[in-house]
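All residue numbers refer to positions in the sequence shown, counting from 1.
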Amino acid sequence: MMNQSKGENRKQRPEQSEGSEIINDLAALALLTALVLLFFWRIITPRLEDRAVFPPGDFTEQFWAFRVYAARAFAEGHLPLWSENFNSGHPFLADVQSALFYPISLIWTLIVVAVRGANFTLLDLEIEAIVHFVLAGAFTYLFARRVIGSRVAALVSALTFTFGGYLTSYPPQQLAILETATWLPLALLFLDLAVESSVIASEAKQSPNHLGIASARYYVAAGVTLGIAALAGHPQTFMFVGYACVIYFVWRIANCELRIANARRKFYVLPFAFSLLIAIGISAAQWLPTLEYQLISTRATMTWAEAARGFPTLDPLQMILPGFINAFSSPLYIGILPLWLAIFALWVNRSRAKIFWAALALGSLLIAFGFYVFAYAIFYHFVPGFALFRGQERLALVISFALALLAGYGWRELQSSFDVKRARRVWALLPAGIVISLMFVCALYISGTLKQSGQVAFLGTRAGLMTLLFVLTSVLVGKYVFAPRSSDSEKPGASGEGRMVIVLTIALIAFDLFSINTQAYNAPPRDHYPATSIIQTIKNDRGVFRVADEGKMPGHFGIMHNLEEIGGISPLKIARYDFLRDHLPAEKLWSLLNVRYAITERPGFHDAELVTHDGSTRLLRLNDPMPRAWFAPYAVHNANDDQVLAAMASDAFDPWNVAYIADASPFPIPSPDRRGAGGEVKRAAEFTRITPEHARVVVNAPADGLLVLSENYYYPGWRAVVDGAPAPILRANVALSAVPVRAGAGRVDFVFDPWSVKMGMVVTLVTFFIAIVGMLVVYCLPIQRVV
C-alpha cells in the first residue's frame, strides 16, 4: 500500500495515457530549462554590449583557476596530481575543491580541451553552473511530481527551489556547493522508488529474495547518485545531503501503512546500507587522497568557535524582506507566493508528509543558527560530522528544499477541496505583509533623509518591490479563495480560468524570484587577470624562482599566469607550511622559499630593488635569494617546530650551511659544532622541473650532507631516487624537504606517485563496474516494476 498522500494523489490525477503523461512532463522540464536560460540571459547572450559575468569571488579566483589548471594538465597529457603554481607546491587532486573526478566537470573539461586546448574560459565555467541549475530544477520537479502528485504543484516546487534565495546566493560563487546540492532531489527520488517497490513486493507476498531484487535497481541508483554528489567537491554540503536522505528514508519506512514484520525490516536497512557503500566506492577516487591530505592540513581539527557560526536569529526576516541583513544575499528567501503556499499547506490540512517537511525545515533552521541557538551544540557533540565544518548556515539547502516542497503541497491543496474560512484567514497574512513592507518603506525613507547611504537606498527600493509582490500575490490568491462557490468542494472557475490561474502563478513566482535574485549575476565583464607590466616583467624572467604577493593580486594569479607563488587562496593548506609562512619574518621566508619577486606596497627593504610599479603596487626584486635546491653540509636533529622556528628567525641562522631536520638520517651528518673550514657551499645543486609531479636535481656534494629543497616534498606520495636507489625524504626547516646524499656528483629524482590516488581510482572503477553490471542483471529479471 502507498502512504496516505500518495493514495490521495492517485485519486486526484485524471486518467491519461502514459505517453501523454511523459509528453506533459517533458513540456514542464522544457519550461524549467527555458526559465533558467532566461534567468541567466545576460551570461549567455551573444550580444557583447549586454553581456554580464559572475561577479569576482571564489567562482573566478578559486574554481575557475582550478579548472584552468586541470585543463592545462589534460592538454599536456597528464593527470593534475600536484600544482607548482601556489603554496610552494600543492596536492591539487587531493584538494577536494578541485573535484577532478566529478563526472560533469570532467567530461566538460575534456570536451573543451579537445576543441580549444588549454583555453578554458570563464564562460565555460558559467555554462557548467547554468547546467546545474537546469538539473536542480529537473530533479526537484521529478521528485515533487512523484510525492505530491500534481504536475503544476511539482512545477511550483521546482521553480521555488531553483530560483529561490538559497540556490541563487552563495552556491554559484562556491561552485562545489551548487554541484553537490543539485543531486539531493534525485537521491531522494530513487530512495522513494526503492521503498515503494519493496512495499509492493511485500504486499504481493513475494519471497524475501524477490523483495530485495524488486528494489535493488533503485538502491543502486541512489548510491551512484550520492557518489556523484560526493565527487562534486563540498564535503559539508554532501553531509547535509546524506543526512537528509537518511532522515527521509527512515521516515518513509516508518510511514508505510503496511505493518512490516521485524524479520523483513533488514530488507530495507541492508539495501540502504549497500547504497551508502556504493556511494563511498564511487567517490573513493576523491575522498581517499582528500582524507590523506586532510590529516596533515590546516583543517585537521576544528574548534567550537570556528564551527559554530551560523545565521543571526534576525535572518528569517529575510523571508519577507530579502537583503535586510546582507544585500543581494538572502538564502532563506523563497518568494512571497511560495511562502504563503507553504503556510497554507500546513494550515488547511496537516498530513504526515507536510508535517515531515515542516519539521525538517524547522529543525534545520534551528541548527543553522549555530551558536545563537543551543540546538547546534547537541549536534556538535553527538552527531558525526557537525564538528568538522564551519558555516552552519549552509543548512539553508535543506530549509529551502523542504519549503519548496511545502509550497507545492500548498498549490495542490489550493486546487483541491479546502476549508474556505481557513484559507481566507491565511490570506489575511498577505495584507499584513503589505503593511509591514510599507512600514519599512516609511522608516527607511525617514532614515534616508537623515543619513544618506547606499544600503538605505537599496533597502528602500527592495521594500517597495516587496510591497508590490505582496499586492500581486494578495490579488491572485484573493480572487481564488474569495470566488463564489456552490459547494465547498467546487473549484472557483472553469477550466479556462483555471489554466489562467496556473499561468499567472508561474509568472508571479518567476517575476518575484527573478527580480530579487538576478542582480548578483549582472557584474560587468572585465579582465580578471590582466597581464600588467608587473606580470609581464616577471614572465620575461626565464629562471627558476617564486613570487610573493602581499594581497595586491587576485587569488591564484600564479595558476592563471603560470607562475610559481608562495601563497594562494585555497582554504586547505599543508599545516606545517602554513605555520612556517605565518611565523617566519617575511624577508627570511622569501629568501628561504626561493622568492625572486615580491608584489607589495612596501617602498623597499634591504637587499631588494624596485623593478617596476603599477600605481601604488610595486614589484621588488630580491638580489640574492636562496636557490630552489642547495647543499647543506651540517644538520641539527630537532623535531620541535617552535624551537626550530626561533632558531631560523635569529640572525645567526645560516641556511647555506645548516638544516634542521625532524627525522633521523640513514647515515651520520656532521653537526654545526663540528664545522670545519670552508664556509658556504654554493651552486652545488641544480634544480630542473620536468613536470609538476617530477623534478630532478643534479648535485655535486663536497662531503656527506643534505640536499635541501624549498619544496613541499615531505608529503605522502613523494619519493626520492638517488642515482637509481630509493632514498628517504626528511622534513627540514619546519616545512621544507631534504634528502641525505653522499659525497660526490649524482642525480636525485623526485616523483609524486601517491598510493591513495591509485587505490581510490581502482575502488571507484570497480564499484562503478559492479553497479552497472548489477543494474543490467536486475533490469533483465522478470519482476514487478513501480510506475
Side-chain angles (χ1 to χ4, degrees), residues 31-60 122-123 125-138 140 155-156 158-175 177-178 181-182 318-339 396-397 400 403-404 407 437 454-455 457-470 472-473 505-526:
L31 176 60
L32 279 169
T33 302
L35 288 173
V36 170
L37 297 179
L38 180 61
F39 186 87
F40 290 105
W41 74 272
R42 291 197 62 190
I43 303 296
I44 59 177
T45 179
R47 183 180 169 85
L48 297 181
E49 301 93 310
D50 296 332
R51 179 75 59 83
V53 298
F54 281 29
D58 286 344
F59 187 86
T60 56
L122 180 61
L123 179 60
L125 197 64
E126 290 170 335
I127 290 173
E128 181 179 317
I130 293 170
V131 167
H132 280 81
F133 275 87
V134 174
L135 292 177
T140 303
L155 195 55
V156 167
L159 288 172
T160 303
F161 182 63
T162 306
F163 303 110
Y166 169 74
L167 216 60
T168 58
S169 57
Y170 53 80
Q173 266 294 317
Q174 299 178 358
L175 185 62
I177 296 180
L178 171 65
T182 294
Q318 296 198 103
M319 288 183 173
I320 61 171
L321 187 62
F324 180 72
I325 306 298
N326 295 307
F328 302 117
S329 180
S330 307
L332 295 179
Y333 184 74
I334 64 169
I336 298 305
L337 179 55
L339 180 61
L397 162 64
S400 177
L403 291 176
S437 297
Q455 181 71 1
F458 167 80
L459 286 174
T461 303
R462 178 60 58 85
L465 176 60
M466 298 314 298
T467 302
L468 174 62
L469 292 173
F470 272 110
L472 293 176
T473 305
T505 297
I506 294 173
L508 180 55
I509 293 175
F511 172 74
D512 181 347
L513 297 178
F514 281 33
S515 298
I516 297 298
N517 296 323
T518 54
Q519 297 301 318
Y521 302 96
N522 289 336
R526 67 179 181 86

>> Show, in sequence, the C-alpha distance, side-chain angles and deciding distance for Leu35 and Phe514, and conclude whether the side chain to side chain contact (heavy atoms under 4.5 Å, CB included) test is met.
In response: CA-CA 10 Å; Leu35 288 173; Phe514 281 33; 4.3 Å; yes

Evaluate the criterion side chain to side chain contact (heavy atoms under 4.5 Å, CB included) for residue pair Leu175 and Glu128; output intermediate values, then yes/no.
-> CA-CA 9 Å; Leu175 185 62; Glu128 181 179 317; 3.9 Å; yes

Where the side chain of [X] meets the backbone of [Y], is there a donor-acceptor pair that is under 3.5 Å apart?
X: Ser330; Y: Leu332; result: no
X: Thr45; Y: Trp41; result: no
X: Arg51; Y: Pro525; result: no
X: Thr162; Y: Leu159; result: no
X: Gln173; Y: Pro55; result: yes
X: Thr182; Y: Leu178; result: yes

Over all atoms of both residues, closest heavy-atom pair of Ala407 and Pro338:
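Here Ala407 and Pro338 meet closest at CB-O, 3.5 Å.
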
Closest heavy-atom pair, Leu32 versus Ala158, reported as atoms and distance to 0.1 Å, is CD1-CB, 3.8 Å

Dump the intermediate steps for side chain to side chain contact (heavy atoms under 4.5 Å, CB included) on Ile320 and Met466, then the final yes or no.
CA-CA 7 Å; Ile320 61 171; Met466 298 314 298; 5.7 Å; no

Practice prompt. Would you sort out whether Tyr333 and Leu339 count as a side chain to side chain contact (heavy atoms under 4.5 Å, CB included), showing the intermediate values?
Written response: CA-CA 9 Å; Tyr333 184 74; Leu339 180 61; over 6 Å; no

Rounding to 0.5 Å, atoms CD (Glu126) and OG1 (Thr60) come to a distance of 9.5 Å

ask   = Could you give the distance from CZ (Phe59) to CZ (Phe54), rounded to the nearest 0.5 Å?
value =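 Result: 5.0 Å between the selected atoms.
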
Self-check item: 4.5 Å side-chain heavy-atom contact, Phe511 and Leu469
Solution: yes

Per side chain to side chain contact (heavy atoms under 4.5 Å, CB included), Leu337 is matched among Asp512, Thr160, Leu472, Thr505 by Thr505

Would you say the side chains of Asn517 and Tyr166 form a donor-acceptor pair under 3.5 Å? no

